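Structure record follows, encoded as structure tokens.
Heads up: numbering here begins at 1 and tracks the sequence. Scope of the values below: all heavy atoms of this structure, side chains included, with no hydrogens, waters or symmetry mates. If you're wondering where the values come from, they're calculated on a predicted model, not measured in any experiment.
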Amino acid sequence: MYANRWDRLVRGFTGRHGSASSWTAVCKQRTVSLQKPRPSVTCHTRDNLLNVHRTRVRGKPLGGLRILDVGCGGGLLTEPLGRLGADVLGIDPVGDSIGTAKLHSSVDPDLRDRVRYRACTLEEISAEREGGSREEQGAAQFDAVVASEVVEHLADLQTFGPSCIHVLKPGGSLFITTINKTNLSYALGIVVAEQLLRIVPRGTHDWEKFISPVELERLLESSGFSVQSVRGMLYNPASGLWSWTDSTAINYALHAVKVSDEPAADQAEGRAEEAHN
């Protein structure tokens, strides 16, 4: 079911934009800013991971960590995370995007041994881990999953959280950036960005798929996550830069930590059975 949702997303992108012909074009499909990456997202991921993992690699603060970048596009976030020392796997269902990402990273010797790309879905990664031995399952787990500008394109988030839980190590982190479901986000994210300024192609977003921080937190906690922080993000179209803000009315970044392999409903059922026995 999750793969089918990715297929619909792929058809929507390719139908509107055609094949990706350059790294810049691919990255334009990944972020609302289009022109520039979000250094704040990279820093947010780095700083929160360093609070948990105290690495000792000089100049490579994320050295020794494995990160999965879901919906990586052309590697807009994958490459900066690799330069910080992490071993990063970028996945995207759009084969053209993956081809462009591989070509772009191949010219940088600093990334060749740390950044990999695959044209596949999160569900496929999760299924591969499930089918392996105990040792293979442990080796396939990640210290962090990054999903930037992904969840607002999914028709149903019900399997997203469990899939992330499945591929994360115990205590692993999930980083999400997405768009709140408010009147302001509709006005700025769709009317202004798509229809007036044309920062993104018309039809890129569907307001009905936007999700509030409260609702996203509820869904993640029911899958076995504990939400650690939610921060508002603000894009300045004049400068092309992002900044943190106290308001989550439009864009926001969320950090959650895996606390259980079992969804909350399964845990409650298990406790009920124990009490009955």
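- A search for side chain to side chain donor-acceptor pair (under 3.5 Å) contacts involving Ser226 returns Gln228, not counting sequence neighbours.
- If you run side chain to side chain contact (heavy atoms under 4.5 Å, CB included) between Thr248 and each of Ile179, Val230, Leu254, Val214, only Val230 comes through.
- Considering only residues two or more places apart in sequence or on other chains, Arg114 meets the salt bridge (Lys or Arg N to Asp or Glu O under 4.0 Å) condition with Asp110.
- Applying the side-chain contact (heavy atoms from CB on, under 4.5 Å) test to Arg46 and every residue at least two apart in sequence or in another chain returns Cys43, Leu50, Pro61, Leu62, Leu84.
- Checked against side chain to side chain donor-acceptor pair (under 3.5 Å), Glu194 has the following partners two or more places apart in sequence or in another chain: His205.
- Contact detail for Ile98 and Ile91: the closest heavy-atom pair is CD1-C, 4.3 Å.
- Between the side chains of Ser97 and Asp92, not a single donor N or O lies within less than 3.5 Å of an accepting N or O.
- In terms of the salt bridge (Lys or Arg N to Asp or Glu O under 4.0 Å) criterion, Arg112 has no residue partners (sequence neighbours excluded).
- Looking only at side-chain heavy atoms (C-beta outward), Leu77 and Thr42 come within less than 4.5 Å of each other.
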Contacts under 3.5 angstrom, residues 185-192 side chains, donor-acceptor by atom type, not counting sequence neighbours:
residue	atom	partner	partner atom	Å
Ser185	OG	Asn180	O	2.7
Ser185	OG	Thr182	N	3.1
Ser185	OG	Thr182	O	2.8
Ser185	OG	Thr182	OG1	3.4
Ser185	OG	Trp207	NE1	3.4

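- Under the salt bridge (Lys or Arg N to Asp or Glu O under 4.0 Å) criterion, the residue pairs touching residues 172-183 are Lys181-Glu208, with sequence neighbours excluded.
- Applying the side-chain contact (heavy atoms from CB on, under 4.5 Å) test to Ser243 and every residue at least two apart in sequence or in another chain returns Leu234.
- Residue pairs that meet the salt bridge (Lys or Arg N to Asp or Glu O under 4.0 Å) test with at least one member in residues 234-258, sequence neighbours left out, are Lys258-Asp261.
- Between Glu152 and Thr178, the side chains place a donor N or O and an acceptor N or O closer than 3.5 Å (distance only, hydrogens not considered).
- The side chain to side chain donor-acceptor pair (under 3.5 Å) test applied to Ser173 returns His255, not counting sequence neighbours.
- Between Thr204 and His153 the shortest side-chain heavy-atom distance falls below 4.5 Å.
- Of the options Trp242, Tyr252, Trp244, a ring pair (Phe, Tyr, Trp, His ring centres under 6.0 Å) to Tyr235 is made by Trp242 and by none of the others.
- Listed by chain and residue number, Ile211, Ser212, Arg218, Leu219 satisfy the side-chain contact (heavy atoms from CB on, under 4.5 Å) test with Glu215 (two or more places apart in sequence, or in another chain).
- For the pair Phe160/Ile176, a side-chain contact is recorded, criterion being any heavy-atom separation below 4.5 Å from C-beta on.
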Hey, mind stepping through Leu122 and Leu68 against side chain to side chain contact (heavy atoms under 4.5 Å, CB included) and telling me if it holds?
-> CA-CA 9 Å; Leu122 173 61; Leu68 177 65; 3.8 Å; yes
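- Contact annotation: the side chain of Phe175 never approaches that of Ile67 to less than 4.5 Å [non-hydrogen atoms, C-beta and beyond].
- Few gaps surround CG on Asn236; more than 12 heavy atoms of other groups in view lie less than 6.0 Å from it.
- In this structure Asp87 satisfies the salt bridge (Lys or Arg N to Asp or Glu O under 4.0 Å) test with no other residue, sequence neighbours excluded.
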